[in-house]
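The structure appears right after this line, and notes come after that.
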Amino acid sequence: MKTPESAAPLIELRAVSRVYGTGAAAVHALAIVDLTIADGEFVAIMGPSGSGKSTAMNIIGCLDRPTSGDYLLEGVEVGRLPRNQLALIRRYLLGFVFQGFNLLARTTALENVELPLIYRGMAVAERRGLAARALDRVGLAGREGHTAAELSGGQQQRVAIARAIVTDPEVLLADEPTGNLDTRTSREIMDLVTSLNRDQRMTVVMVTHEPDIAAYARRTIRFVDGRIDSDVRN
């Protein structure tokens with residue numbers, strides 16, 4: 001039986017560097033990073049402020065480009081694609097969850113989850129059905145008509161996760177997904193993310209500064225000074 005660790009790389013960084021600025025003002029956010037993540041893995045990325053972890057996540061999420069080196073997604077070099085093609089990759093292959101939820105406060109949960117499908121030009125009935133099913137998957141069936149402002153922090157993050165998975169992405173990218181939540185709610189959200197990885201075979205890449213949250217992942221990569229300092233399977 002093929003395990004995530006033995007599968008072909010879904011994500012691959014080859015000697016990737018990212019430099020901001022030039023000359024004496026240049027900041028080397030990433031310095032010749034090699035990294036592979038297989039289909040179906042759950043990876044936590046950690047490191048102190050300025051370590052390069054967020055830069056690595058932004059490159060993986062096609063929100064930034066390497067200054068040098070190659071970024072391959074499903075075996076295709078995507079790091080140098082034009083912006084419109086990167087937007088299509090984000091739209092069809094990637095799902096994003098952020099610390100701040102990024103929901104429209106006066107818009108219903110269903111309407112928030114529908115947004116990625118609207119960008120795809122999907123018909124109303126189809127997208128509403130998919131959005132309702134996504135909310136059901138995250139335990140919010142019956143809350144479709146509640147606005148974000150009427151939901152708790154944990155429920156808002158569940159809506160954000162439903163929005164991220166409604167398109168059935170290849171990769172779920174989570175940036176400090178529990179950063180604004182209390183301990184109990186953080187556990188609930190991480191149990192949900194773990195189930196998406198385990199039961200739906202969804203690849204998860206998560207940035208966190210909390211060791212107890214990183215412990216949910218099956219692999220923890222720690223960045224220091226723009227380089228990978230350790231890569232440990234949990």
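All of these numbers come straight from a predicted model, not from anything done at the bench.
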- Sole residue of E150, H146, E188, R143 in side chain to side chain contact (heavy atoms under 4.5 Å, CB included) with Q155: R143

Please report the shortest heavy-atom distance between [X] and [Y], naming the atom on each side.
X: L172; Y: M202; answer: CB-SD, 3.9 Å
X: V166; Y: P116; answer: CG1-CG, 4.2 Å
X: N197; Y: T203; answer: ND2-CA, 4.5 Å
X: R163; Y: L103; answer: NH1-CD2, 3.5 Å
X: P66; Y: Y71; answer: CG-CB, 4.4 Å
X: I189; Y: G154; answer: CD1-O, 3.7 Å

- Message: Between R14 and E12 (salt bridge meaning N to carboxylate O under 4.0 Å), is one present in this structure?
- Response: yes

Do the side chains of [Y] and [X] get nearer than 4.5 Å, heavy atoms only?
X: L173; Y: V97; value: no
X: L30; Y: I59; value: yes
X: L104; Y: L115; value: yes
X: P211; Y: M46; value: yes
X: R120; Y: R91; value: yes
X: P169; Y: V171; value: no
X: I161; Y: V193; value: yes
X: L63; Y: F96; value: yes

- Has Y92 got more than 12 heavy atoms of other residues, nucleotides or ligands less than 6.0 Å from its OH? yes

- Message: For the CG atom on D225, are there more than 12 heavy atoms of other groups (residues, nucleotides or ligands in this structure) within a distance under 6.0 Å?
- Response: no

- Message: Run I213 and S186 through side-chain contact (heavy atoms from CB on, under 4.5 Å) and show every step you take.
- Response: CA-CA 8 Å; I213 298 300; S186 294; 4.2 Å; yes

Point-to-point distance, once rounded to the nearest 0.5 Å, from [atom1] of [X] to [atom2] of [Y]:
X: E210; Y: M190; atom1: CD; atom2: CE; answer: 9.5 Å
X: L35; Y: L13; atom1: CG; atom2: CG; answer: 5.0 Å
X: E176; Y: Q99; atom1: CD; atom2: CD; answer: 5.5 Å
X: Y216; Y: T194; atom1: OH; atom2: OG1; answer: 7.0 Å
X: R65; Y: L81; atom1: CZ; atom2: CG; answer: 7.5 Å
X: D39; Y: E170; atom1: CG; atom2: CD; answer: 6.5 Å

Please tell me whether [X] and [Y] are part of a single hydrophobic cluster in this structure, the criterion being side-chain heavy atoms less than 4.5 Å apart.
X: I221; Y: F42; result: no
X: I37; Y: L196; result: no
X: I165; Y: M122; result: yes
X: L72; Y: L93; result: no
X: I45; Y: F98; result: yes

Taking [X] for its side chain and [Y] for its backbone only, find out whether a donor-acceptor pair lies under 3.5 Å.
X: N58; Y: D64; answer: no
X: Q157; Y: V159; answer: no
X: T178; Y: L181; answer: no
X: S195; Y: L192; answer: yes

- Message: I'd like to know whether R80 forms a side-chain contact (heavy atoms from CB on, under 4.5 Å) with D70, so could you lay out the CA-CA distance, the side-chain angles of the two residues, the decisive distance to 0.1 Å, and finally the verdict.
- Response: CA-CA 8 Å; R80 298 180 183 84; D70 301 310; 2.8 Å; yes

- Go through I32 and V16 one step at a time and tell me if the side-chain contact (heavy atoms from CB on, under 4.5 Å) criterion holds. CA-CA 5 Å; I32 316 179; V16 164; over 6 Å; no

- Query: Who passes side chain to side chain donor-acceptor pair (under 3.5 Å) against Q156, sequence neighbours left out?
  - Reply: none

- Message: Tell me whether the NZ or CZ atom of R227 lies within the 45° cone about the ring axis of F223 and under 6.0 Å from its centre.
- Response: no

- What do the steps show when you test R219 against E41 for salt bridge (Lys or Arg N to Asp or Glu O under 4.0 Å), and what is the final call? CA-CA 8 Å; R219 179 181 173 196; E41 281 202 90; 3.0 Å; yes

- Go through the steps to decide whether T67 and R18 satisfy the test side chain to side chain donor-acceptor pair (under 3.5 Å), and finish with yes or no. CA-CA 5 Å; T67 303; R18 185 64 173 99; 3.2 Å; yes

- Message: Quick one, E144 with E111, criterion side-chain contact (heavy atoms from CB on, under 4.5 Å). Give me CA distance, side-chain angles, the key distance, then yes/no.
- Response: CA-CA 8 Å; E144 296 88 350; E111 290 166 339; over 6 Å; no

- Tell me yes or no: between the side chains of N112 and T107, is some donor less than 3.5 Å from an acceptor? no

